[in-house]
Amino acid sequence: QQQVKQSPQSLIVQKGGISIINCAYENTAFDYFPWYQQFPGKGPALLIAIRPDVSEKKEGRFTISFNKSAKQFSLHIMDSQPGDSATYFCAASMNTGNQFYFGTGTSLTVIP
Amino acid sequence: GAVVSQHPSRVICKSGTSVKIECRSLDFQATTMFWYRQFPKQSLMLMATSNEGSKATYEQGVEKDKFLINHASLTLSTLTVTSAHPEDSSFYICSAQDVQGAYGYTFGSGTRLTVV
């Protein structure tokens with residue numbers, strides 16, 4: 001059973017455009033929602049994360065929007081650049097020390 | 001920031017041999033480390049959770065006798081793939097959490113295992 005559902009599977013965006021990736025979850029016990037960026041042959045790297053007590057978090061060109069009632073959260077990449085081309089995973093976890101549940105990943109391609 | 005070193009980055013081994021992958025937390029102590037497996041263009045699948053000084057907890061369907069995990073210290077966990085077969089070829093990634101229990105997990109750079 002997929003605890004975190006992610007869409008789209010792949011995304012092509014023109015340079016300068018906005019990339020939007022969505023995730024949904026069912027377990028209301030989740031209280032930490034990170035996004036990871038992974039380049040081919042490398043491990044995932046934390047991009048940005050949010051906790052359910054806020055509805056939005058912005059770090060540079062990256063913004064997480066969180067809708068607690070809908071149990072959804074999304075990643076927005078503003079002014080997308082070719083260097084942003086990577087696979088992005090959303091994740092969720094509950095309490096400290098517990099495992100992460102990952103989404104299925106989104107392959108983002110930013111074309112010049 | 002927190003750094004997790006994973007070694008080797010790539011390994012090719014013959015079918016039937018064993019391979020050890022190391023995961024070290026370089027600048028923090030990790031009470032808990034996680035081992036994941038990732039197939040091409042797929043998500044990370046948790047294999048097991050290892051806690052320092054105790055036996056690892058394996059996810060359903062993961063053979064504990066095939067994937068031996070040792071977490072002997074707060075900075076080192078190892079995954080040994082025993083009697084490797086071509087179907088074990090995959091990308092293996094570890095992650096670690098610091099002893100303060102902060103929410104942030106740091107991932108290693110992964111190990112590409114190819115069994116021929």
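In what follows, chains carry the letters A, B, and so on, assigned in the order in which the sequence lines appear, proteins first and then strands, with residues in each chain numbered from 1.
Residues of residues 82-95 of chain B placed with any heavy atom under 4.5 Å of a heavy atom in chain A are listed by number as B/F91, B/I93. Proximity to chain A at a heavy-atom threshold of 4.5 Å picks out B/E59 from residues 56-66 of chain B, in numerical order.
Enclosure of atom CD1 in A/I12 is not indicated, since only 12 or fewer non-hydrogen atoms of other residues, nucleotides or ligands lie within 6.0 angstrom. Environment of CZ in A/R61: crowded, with over 12 heavy atoms of neighbouring residues, nucleotides or ligands closer than 6.0 Å. Within a 6.0 Å sphere centred on CG of B/L26, heavy atoms belonging to other residues, nucleotides or ligands number more than 12.
When hydrophobic clusters are built by joining Ile, Leu, Val, Met, Phe, Trp and Tyr residues whose side-chain heavy atoms come closer than 4.5 Å, directly or via intermediates, B/Y36 is not grouped with B/V19. Both A/F62 and A/V54 sit in one connected hydrophobic cluster of ILVMFWY residues. Membership requires side-chain heavy atoms under 4.5 Å apart, directly or through other members. Hydrophobic cluster membership differs between A/I20 and A/L108, with clusters built from Ile, Leu, Val, Met, Phe, Trp and Tyr side chains linked at under 4.5 angstrom. A continuous path of hydrophobic side-chain contacts links A/I48 to A/V13 [ILVMFWY only; heavy atoms under 4.5 Å]. Note on A/L11 and A/V110: same hydrophobic cluster, where clusters join Ile, Leu, Val, Met, Phe, Trp and Tyr whose side-chain heavy atoms are under 4.5 Å apart, directly or indirectly.
Shortest non-hydrogen contact noted between A/P44 and B/F107 is O-CB, 3.3 Å. Residues A/G103 and B/S43 come closest through the heavy atom pair O-OG, 2.5 Å.
Note that CD of B/Q42 is 12.0 Å distant from OG1 of A/T87, once rounded to the nearest 0.5 Å. Interatomic distance, A/K42 NZ to B/Q6 CD, rounded to the nearest 0.5 Å: 11.0 Å.
Side-chain contact between B/F34 and A/F100 is absent, with no heavy-atom pair separated by less than 4.5 Å.
Interface summary for chain B: among A/S107, A/A45, A/G41, the most heavy-atom pairs under 4.5 angstrom belong to A/G41.
In this structure, the portion of A/Q38 lying under 4.5 Å from any heavy atom of chain B is its side chain and not its backbone. Both the backbone and the side chain of A/F102 come within less than 4.5 Å of a heavy atom in chain B.
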